[in-house]
Structure formats: structure tokens, C-alpha cells
S.K.: 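My structure is below; once you've seen it, I'll send some questions.
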Amino acid sequence: MAAAAAACRLLRLAPRRLPSTNRLRFPPPLPTPLAAASGRRRFCAAAQASAPATAAAGEAVGEFRKRLRVSDVKGGEDEGAAWVGKELAVRGWVRTCRAQRTVTFVEVNDGSCLSNMQCVLTPDTEGYDQIDSVTTGASVLVEGVVASSQGGKQKVELKVSKITVIGKSDPTSFPIQKKRASREFLRTVAHLRPRTNTFGAVRSYSLPFLVARVRNALAYATHKFFQDNGFVWVSSPIITASDCEGAGEQFYVTTLLSNSAEGGCLVKDIPATKDGRVDWSEDFFCKPAFLTVSGQLNGETYASALSDIYTFGPTFRAENSNTARHLAEFWMIEPELAFADLNDDMACATAYLQYVVKYILENCKEDMDFFNTWVEKGIIDRLNDVVEKNFVHLSYSDAVELLLGSKKDFEFPVKWGLDLQSEHERYITEVAFGGRPVIIRDYPKEIKAFYMRENDDGKTVAAMDLLVPRVGELIGGSQREERLDHLEARLDEQNLNKDSYWWYLDLRRYGSVPHAGFGLGFERLVQFATGIDNIRDAIPFPRVPGSAEF
């Protein structure tokens, strides 16, 4: 118990620095000797119980400071050489433990970077009697002095003076062992797959770890891009009574299926009208309600007051597609620009994609080198092309002519009026234009949503799709229909109930303006940026038909 309390007291020893709003990356802080560390924070009851009883005097809360990470030590150009001779404390999880006759090597990772900290222990190390508990998956606190490494895999290592086991891990039952595991297996242990090894033949283990880090960087870059360009983040509702896409593939939200009775709800207990239909007036919202497929319609209401907004949140699609391209729960980024047309929309989408790709290339170099070596060779060159080369623009009609002229035997037919399939999109961007992103605009109105602005030809709408290599469609957007009579006509054409969209129509009655926006599936962006094949590996806890674990 005393060892655990000591470990808790040392959980935040190194100085923390609050992030600056005008700095993207923290410079590596100078190491602080353990004996000189001050302002320690306590995070467990045992540690608090041992503190002096000064609560009555009003003891101040400790200062919050940036924790020293392995990436701060090893992430610089010198890979940690400047830290040699400095005292250091590392807290993390054991990746491997290799015991030799006179020395033991323990690889510890704290999640801040791909690299582990190699910790060198001898029988003289304080706490060495716990070495049998230092197994893969265990959490530890190691303290010692940074030294130049004798091995060739790293520049520095930690000569450990003391080790404390914080949380043990049963080596016989820990699911992730030192052997190759398939990505399918790792999805069955999604609660543990972020803590995976990153060496040798088991390189596939590191994917969830690295994908989570790149996903985080893409999310940060997304907020930074829009915030720096004057957009306001709006939280769109997850529960909705309207179908943005008009496809009807939505999950119901209801309290009619009560589990309060023993054995669960019986069908006969669901309230019904005289004609045998579900009586939604008895439900929680007194009408059918669904998990949202998009935050766009709600976003438009705020764009009508704040000019430029964006939403970034979870969306849901009840499409029974058990493929490597589909999820039932996914995240969407949906900006909306007031006083804007389709050209403004395409310009924004282009600038956004180039910004976030450039950000990860500059700030996730170690992770991207791994993807370039083990997942998709050449991915860094492919992403650099996105940043440096102009995007291709062409109309839907021109795209159809290009596909018909290719003489390629596609699985799905190519014909004006039919939607483009993934194989068509990938051919256009990967083959026809040599890997450059392509924006296709002006689609037939019959294959697009009701809210897209009708063009003067009466056959097409001001819609655009941004296509990228390997993924196909990454961004879909349009200029919205701001004319009330045209919008009502489109709702009638698609047999949608105008009463359900009364508030959306009001936006066209009171101060309507030309506006445009787009939607980007965040997991597809993660796929594009990392080269992973299956979208289920682009999200921490995938939701797919037949599976809602964790």
C-alpha cells in the first residue's frame, strides 16, 4: 500500500506548462531533478490520507502543469542526447521485459510517441524484488538517470535507480502477446488494442496506437483551421425528427420498448393506433425521433445568424452494409458558409484538406514514417501531392464522358444520370489524373438531396464531390437552395413531408441568403491520411451490423 501511495504522489513530477494559443507544439522542457520537483499533485486516497490535516486552514489546490513525456525526451532531432546525465521519472505501460544474467531491459511506453523508453535495471535497483510483476501490460513508475545507449536502436536509455509497479497484468491471460495478431482479432479486444506492441514481426499491433494519435492530430488541425478562419463551432443535436438525406436509413430513438417488465418489452405492449400503426404520441418526444445522419440542417440555422459555422460530431446510419467502407456510427465535419456559392464551397474544401494533411506531415513525422514503411509505401509522397498540387475541376458530364472513353470494363455501368461508384471515382483520380485530387461538380438533381440548389439548366444541381486516391469520395458538398418556392418544389418531388421541415423553410422566409457547405466523413479522412484499408480501424470502437461491443 505504501508503494502504491508513493507511486500516486509521483504521478505528476515534471513541470507542466499551459499551452500557448499561438504555438502548435511544446518545446521540450528542461528536465527537473526529482529532488527539486515542487507543487506535486496527489491523485489517490492513500496519498491524501498521508497528507497533513490542514484542510481547515484552506489548503490551496496544486498548480496544473504539463507532464513530462517520453516524446519530450526522445522527440527532438538529437533523440534525447541533451538529456544525458539528467534525472528522470517515466510513467507508462510495459511493452516488453527481457531478463539477462546481470541486467534486465524493460521497454516502457506512455502513449506520447511510437518510441518506448528502454529502462535498464540491475539487481541493485530499488524495487527489483518486484521484477516478476514487470510483465507486458503492467503499469510502472521508473526513476533514474538518462544515459547514452549502448544499443543501436535508440540514442538514450534510462539507468533505473527505482522501479514501482503501479498495476499488475496477468501474463497468462493478457490478450496481446508477443506474437503477430490480425487486425480482426484486435477489434475483438478494442478496450486493450491501443496498448499494443510496436516492434519487429508484430508491427500490425501498433496500428490502433498510431491511428489514434494521427486521428487526434487531424481533429486538432480541423478545429484550428476553422477557428483561424473565423468559423464558429456549433453543437448540432444527435436526436432529430428529420431525415437530412431523405434516404430513411435512420435509427429510431424511443422509450416505447421498455425493459422495466420482467423479460423485456412484449410487442403487444407497444401502443398502437386504431389502424394498427405505432402510436408515436405515446412516445417520449410524441413523434418519431431518430439518431441524426447529419448536422447540416441545424448548422444552416446558425449560419443564418453567425455567417460561417462548422459542426464536428457523431452521426449514425442504419445501413446494413457489412463492408470495409461502412460504419453505423461515424463522425462528420460539416462547415456552412453564408453569403457563399459553390465556388466558395470548393475553395474552402480544398484549403481545409491541404491544411490538415500538411499539419500531420509536419507534426506526426514518426507516425507517418511508420505508415510509409509498413502500411502503404509512398503514402508520404501521395499526401505531399495533395498539399502541393492544384486540384482538378470537372463537371459530372465531363466525368461521364471520360469514363466512357476509357474503354475500361467497370463492374457498375456508366451512364449520364447514374451516380458514380467508388471504382469510377478512384479511376478518375488515380488513373486519369495521376493521383491528384479531383472535384466533380453539377450532378443530376435526381441523384442528389432535396436541399441542393437547382442550376439554370433545370437538370443539375450545384453539388460537388471531392475525390482522392484510394478512398474515392472524401468530401461531398453543395450550394444550398435558398429560394423558398424551389425548395418546396423539391420536397414535393421527393415525397417529403413539408410539415417536418417547417423550421428549415422558415430560413428561406426570413432573410434568406445564398449559402453553401460540405460534409466530410472523419474516418475516411483518417483512412486517407494513414493508408489503412478497413474503416473499422479508423475509429476506436467501431459500430457495425451485428456488433456493438465495448
S.K.: CG of Asn497: more than 12 outside heavy atoms within 6.0 angstrom?
M.R.: yes

S.K.: Report the C-alpha distance between Tyr501 and Phe450 in whole Å, list the side-chain angles of each, state the deciding distance to 0.1 Å, and finish with yes or no for ring pair (Phe, Tyr, Trp, His ring centres under 6.0 Å).
M.R.: CA-CA 11 Å; Tyr501 297 92; Phe450 70 91; 5.2 Å; yes

S.K.: Got a sec: does the CZ of Arg277 have more than 12 other heavy atoms crowding it under 6.0 Å?
M.R.: no

S.K.: Does Tyr302 have more than 12 heavy atoms from other residues, nucleotides or ligands lying within 6.0 Å of its OH?
M.R.: no

S.K.: Please find the pair of heavy atoms, one from Ala241 and one from Phe290, that lie closest to each other, and give the distance.
M.R.: O-CE1, 4.1 Å

S.K.: Could you tell me the separation between the CD1 atom of Ile379 and the CG atom of Leu361, rounded to the nearest 0.5 Å?
M.R.: 9.0 Å

S.K.: For Phe410, does the CZ atom sit with more than 12 other heavy atoms under 6.0 Å from it, leaving out its own atoms?
M.R.: yes

S.K.: Tell me if the CG atom of Asp228 is crowded by more than 12 foreign heavy atoms within 6.0 Å.
M.R.: yes

S.K.: Could you go through Tyr451 and Glu300, starting from their C-alpha distance and side-chain angles, then the distance that decides it, and tell me whether this counts as side-chain hydrogen bond (donor to acceptor under 3.5 Å, both in side chains)?
M.R.: CA-CA 11 Å; Tyr451 51 76; Glu300 286 187 52; over 6 Å; no

S.K.: Check this for me: Asp409, atom CG, are more than 12 non-hydrogen atoms of other residues, nucleotides or ligands nearer than 6.0 Å?
M.R.: no

S.K.: If you count heavy atoms of other groups shown closer than 6.0 angstrom to CH2 of Trp280, is the number above 12?
M.R.: yes

S.K.: For Asn109 and Cys113, work out which heavy atoms get closest and say how close.
M.R.: ND2-O, 3.3 Å

S.K.: Does Asp344 offer a backbone N or O that forms a donor-acceptor pair with the side chain of Asp341 under 3.5 Å?
M.R.: yes

S.K.: Could you check whether Tyr443 and Asp465, counting side-chain N and O atoms only, form a donor-acceptor pair closer than 3.5 Å?
M.R.: yes

